[in-house]
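Here's the structure we're looking at; comments come further down.
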Amino acid sequence: MRVVAVHPDALVVTSRIWQTNAVLLRAPRREDVDPAGAESAAGEARSATEAMLVDSPYFPDELEALPALARETGFEVEALLATHADFDHLLGRLAFPELALGVADTTSTRLRGEPGTAQRALRDADAEHYVRRERPLSLGAMQELPVPGRLELGGEELELHATSGHTADGMAIVAAHAGLLLCGDYLSDVEIPVLSPGGSIESYRATLARLAPLVEAVERVVPGHGSPLERERALRVLDEDVDYLDALEHGEERPRLPAGRDSRRQQTIHAENLARVSAP
Ligand SMILES: [Zn+2]
């Protein structure tokens, strides 16, 4: 597991597998914004470090390390968010079982519509990687968030924007105070666009069009898988993804995949995308 601070109020935690990113995000600490911070009441100072965890790492030891990591770095995790309903983004409650998972309305609809699917996918992945877990994944009481919408984090406002195309559900989160866009499984520098069940070229394109101005307005983008990207790099990935969707729509069997995303594995993903979009 790799931990990188992309902003004083944002830590990116990258799993050892799939380069899956989770983000610890907090409001600015009182003393950073208020020169008289030393005089502020203890209660205020505490609420100023209120934090949330967006998405999750995969391995049990990574999840187990998260609460201490958060505590020691001054992130008081009081909320969990998942960018979409794929199992690899839903594991926050294995680290913080007492917290509810906040998801977009579309994600909550998907999870209710396919009960047990995420748990089954997790069990399959665990079996494939010889992973043992102490307890099964329980999604508990979910908090359904209207998207587009806003969310408060210790006095700062987070923007929630709808995403779809990879799957039918999801949201991207803009944390303006940290100059960050957390976009889920879009804009990855390690993976071409993946069209899963529920996804489509049309909605993927609409999502990229919606994300473009958000990328322009932030410093960095943290995709669900891959490296945190500076704005310019993220815009290049976005252009490459638009080109890729064109090639996919034209049914190209061997399109030139973007540099760094042209491995055998990515060619397999392309073949799967092609099968999905050409299925009757
Ligand atoms: Zn994912």
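We're numbering straight along the sequence, starting at 1. Everything quoted here is computed from the prediction, not taken from an experiment. Side-chain atoms are counted along with the backbone in the values below, which use heavy atoms only and exclude waters and symmetry mates. Start at 1 and go down the list; that is how both ligands and their atoms are numbered.
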Practice item. Kindly give the atom name of the N, O or S atom of D185 closest to the Zn ion (ligand 1). Key: OD2

Point to revise | Identity of the N, O or S atom of D88 lying closest to the Zn ion (ligand 1) | key: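 Closest N, O or S atom of D88 to the Zn ion (ligand 1): OD2.
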
Check your understanding: Any chance the rings of H89 and W18 have centres within less than 6.0 Å?
Key -> no

Check your understanding: Are the charged groups of R261 and D241 less than 4.0 angstrom apart, N to O?
Key -> yes

Review point. Could D86 and R110 be called an ion pair, given the rule that one side-chain N must be under 4.0 Å from one carboxylate O?
Key: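 A salt bridge is present here (some side-chain N lies under 4.0 Å from a carboxylate O).
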
Check your understanding: Is the distance between the Zn ion (ligand 1) and the nearest N/O/S atom of D86 smaller than 2.8 Å?
Key -> no

Exercise for review: Examine all N, O or S atoms of H225, backbone included, and report whether one is under 2.8 Å from the Zn ion (ligand 1).
Suggested key: yes

Exercise for review: Assess R16 against F59: is NZ or CZ under 6.0 Å from the centre of the six-membered ring, and within 45 degrees of the ring's axis?
Suggested key: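 Judged by the rule, R16 and F59 form a cation-pi pair.
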
